[in-house]
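Every chain is numbered from 1 and lettered A, B, ... according to where its sequence line falls, protein lines coming before strand lines.
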Number of protein chains: 2
Amino acid sequence: MAARDYGQYDGVTRALELVGERWGLLIVRDLLVGPRRYGELAAGLPRIPTNILATRLKELQDAGIIRRAPRSRIIVYELTAYGRELEPVVLGLSTWGFKALDEPREEQILTPAGMTIALRTAFRPDAAAALPPTSYAAGFEGAGLTIGVTGADLTVERGGGPADISFSTGPDIRAMLCGDMSGVRVLHGDERLLDRFAQTFRLAA
Amino acid sequence: MAARDYGQYDGVTRALELVGERWGLLIVRDLLVGPRRYGELAAGLPRIPTNILATRLKELQDAGIIRRAPRSRIIVYELTAYGRELEPVVLGLSTWGFKALDEPREEQILTPAGMTIALRTAFRPDAAAALPPTSYAAGFEGAGLTIGVTGADLTVERGGGPADISFSTGPDIRAMLCGDMSGVRVLHGDERLLDRFAQTFRLAA
DNA sequence: CGGGATCCCTTAGGATACTG
DNA sequence: CAGTATCCTAAGGGATCCCG
């Protein structure tokens with residue numbers, strides 16, 4: 001038995017042995033957004049030591065959760081089908097964790113991957129399906145995302161781009177996803193689209 | 001910032017700061033089954049050092065996930081409403097982790113709480129609702145449980161008791177929950193009730 | 001420059017003994 | 001029974017270095 005095994009035989013224990021180590025699920029979270037290179041992962045997890053990142057990537061690979069994929073001379077890490085099955089767990093943690101989120105502290109940063117998962121967590125497909133297709137360019141304190149909503153489909157991409165409305169927010173994303181748009185500043189576009197955004201993305205009370 | 005914070009501001013990160021430490025979610029899993037005393041928790045987590053159990057209980061309490069409840073001179077730990085909201089996460093990990101479970105190894109044990117969560121994970125309310133109410137007394141290698149299914153309702157209690165059928169299993173619970181009843185031995189009752197059990201509890205492929 | 005490997009130090013976690 | 005106290009190991013943190 002590996003030293004850090006829990007010595008029990010059941011699903012929860014096995015899952016925690018595979019992805020329960022520190023940083024493990026955050027790497028999975030970032031890869032749920034899309035394939036990433038080593039340096040991109042390191043940039044999205046600013047406090048992770050490089051040796052830990054390397055170790056976790058090997059462990060996740062050995063467990064069949066991620067794979068290294070060569071993309072024309074550069075290597076990207078991507079989730080396997082089995083790894084993608086962690087999405088409900090990650091979204092569940094996101095839903096649960098948001099309820100315990102305080103005001104953001106000075107040293108806490110927003111990352112593009114974290115915001116992407118937050119948007120997926122808050123996304124209301126039913127509400128979105130009843131609204132016209134809309135694109136939003138959102139500047140989240142250093143994490144610029146382009147959000148596309150078409151019917152019940154959601155896409156989120158890094159970086160800015162043309163969109164129906166462009167806005168920037170303060171750091172308190174939780175407040176915004178709970179319907180408080182007071183920290184939002186519209187850069188261009190019809191301000192009423194903010195209401196549409198608030199209907200489309202909303203965390204449960 | 002606490003030394004072990006991740007330095008990010010989002011739901012997944014916050015959740016992992018609260019319950020992502022080693023043993024944290026296993027304690028939550030055991031308390032999802034019901035309130036437990038300190039000694040019961042220690043018995044259900046045989047490899048946890050007692051100082052770690054004490055530390056985790058304090059942390060979970062400070063986070064508002066569990067509370068100490070006096071029950072006439074003895075103290076039990078129980079989940080708060082917020083702690084119970086972790087149930088989907090724990091069941092999600094269970095579902096996911098079962099797919100990565102190998103044959104049980106010699107040193108791996110079954111615990112009553114682990115088996116209870118496994119049964120909840122495998123429970124098929126739709127199938128159960130179409131079957132008559134049934135009680136099962138199952139002996140899982142040292143974890144005796146009494147399982148009651150009434151319509152789409154499931155109850156699992158520790159210990160044996162009168163039941164429609166009584167059986168004992170080998171250690172490979174995963175195989176059994178995947179439909180392979182070859183390791184099961186009926187102690188008394190109508191053997192055909194095993195089929196009913198297999199329809200009621202079944203992990204997805 | 002991307003993708004790591006190495007070093008040293010700190011601290012969480014494991015084993016065990018002990019106490020109210 | 002319900003935890004503390006202690007000691008020790010090994011994982012994690014942080015900086016730096018290496019290599020194709």
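- The CG-P distance, from Asp5(B) to dT11(C), rounds to 15 Å in whole Å.
- In this structure, CZ in Phe167(A) is found 6.0 Å from CE in Met176(A), a value given to the nearest 0.5 Å.
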Letter by letter from the 5' end, nucleotides 12-20 of chain C scores (B base, S sugar-phosphate only, - none; protein heavy atoms under 4.0 Å) SBBBBB---
Donor-acceptor contacts, no H, no angles, side chain residues 79-92 of chain B, under 3.5 Å, sequence neighbours left out:
from	atom 1	to	atom 2	distance (Å)
Thr80(B)	OG1	Gly64(B)	O	2.6
Thr80(B)	OG1	Ile65(B)	O	3.1
Thr80(B)	OG1	Tyr82(B)	N	3.4
Thr80(B)	OG1	Gly83(B)	N	3.1
Tyr82(B)	OH	Trp96(A)	O	2.5
Arg84(B)	NH1	Leu79(B)	O	3.4
Glu85(B)	OE1	Lys99(A)	NZ	2.7

Give the table of side-chain donor-acceptor pairs shorter than 3.5 Å for residues 20-42 of chain A, with sequence neighbours excluded, one pair per line with atom names and distance.
from	atom 1	to	atom 2	distance (Å)
Glu21(A)	OE1	Arg4(A)	NE	3.2
Arg22(A)	NH1	Arg4(B)	O	3.0
Arg22(A)	NH1	Tyr6(B)	OH	3.2
Arg22(A)	NH2	Arg4(B)	O	2.9
Arg29(A)	NH1	Gln8(B)	OE1	3.3
Arg29(A)	NH1	Asp10(B)	OD1	3.2
Arg29(A)	NH1	Asp10(B)	OD2	2.8
Arg29(A)	NH1	Thr13(B)	OG1	3.4
Arg29(A)	NH2	Gln8(B)	OE1	2.9
Tyr38(A)	OH	Thr50(A)	O	2.9
Tyr38(A)	OH	Thr50(A)	OG1	2.8
Glu40(A)	OE1	Arg37(A)	N	2.8

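- By the side-chain hydrogen bond (donor to acceptor under 3.5 Å, both in side chains) test, Glu78(B) is found to be paired with Arg67(B), Arg71(B), residues two or more places apart in sequence or in another chain being considered.
- No donor-acceptor pair under 3.5 Å is formed between the side chain of Thr150(A) and the backbone N or O of Asp153(A).
- With Tyr9(B) contributing its side chain and Glu103(A) its backbone, the two residues share no donor-acceptor pair below 3.5 Å.
- Taken from OG1 in Thr116(B) to CZ in Arg158(B), the straight-line distance is 8.5 Å, to the nearest 0.5 Å.
- The nucleotide range of DNA chain D contacted by chain B, defined by atoms under 4.0 angstrom from heavy atoms of the protein and reported 5' to 3', is dC1(D) to dT6(D).
- Rounded to 10°, the angle separating the first-five-pair axis and the last-five-pair axis of the helix from dC1(C)-dG20(D) to dG20(C)-dC1(D) equals 30°.
- The side-chain contact (heavy atoms from CB on, under 4.5 Å) with Tyr136(A) is formed by just one residue from the set Leu194(A), Val156(A), Val149(A), Thr146(A); it is Val149(A).
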Decide side chain to side chain contact (heavy atoms under 4.5 Å, CB included) for Val184(A) and Phe197(A); before the verdict, give the C-alpha distance in whole Å, the side-chain angles of both, and the deciding distance to 0.1 Å. CA-CA 11 Å; Val184(A) 174; Phe197(A) 182 91; over 6 Å; no
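- At a threshold of 4.0 Å, the pair Asp164(B)-Arg196(B) does not count as salt-bridged, since none of the basic side-chain nitrogens sits closer than that to a carboxylate oxygen.
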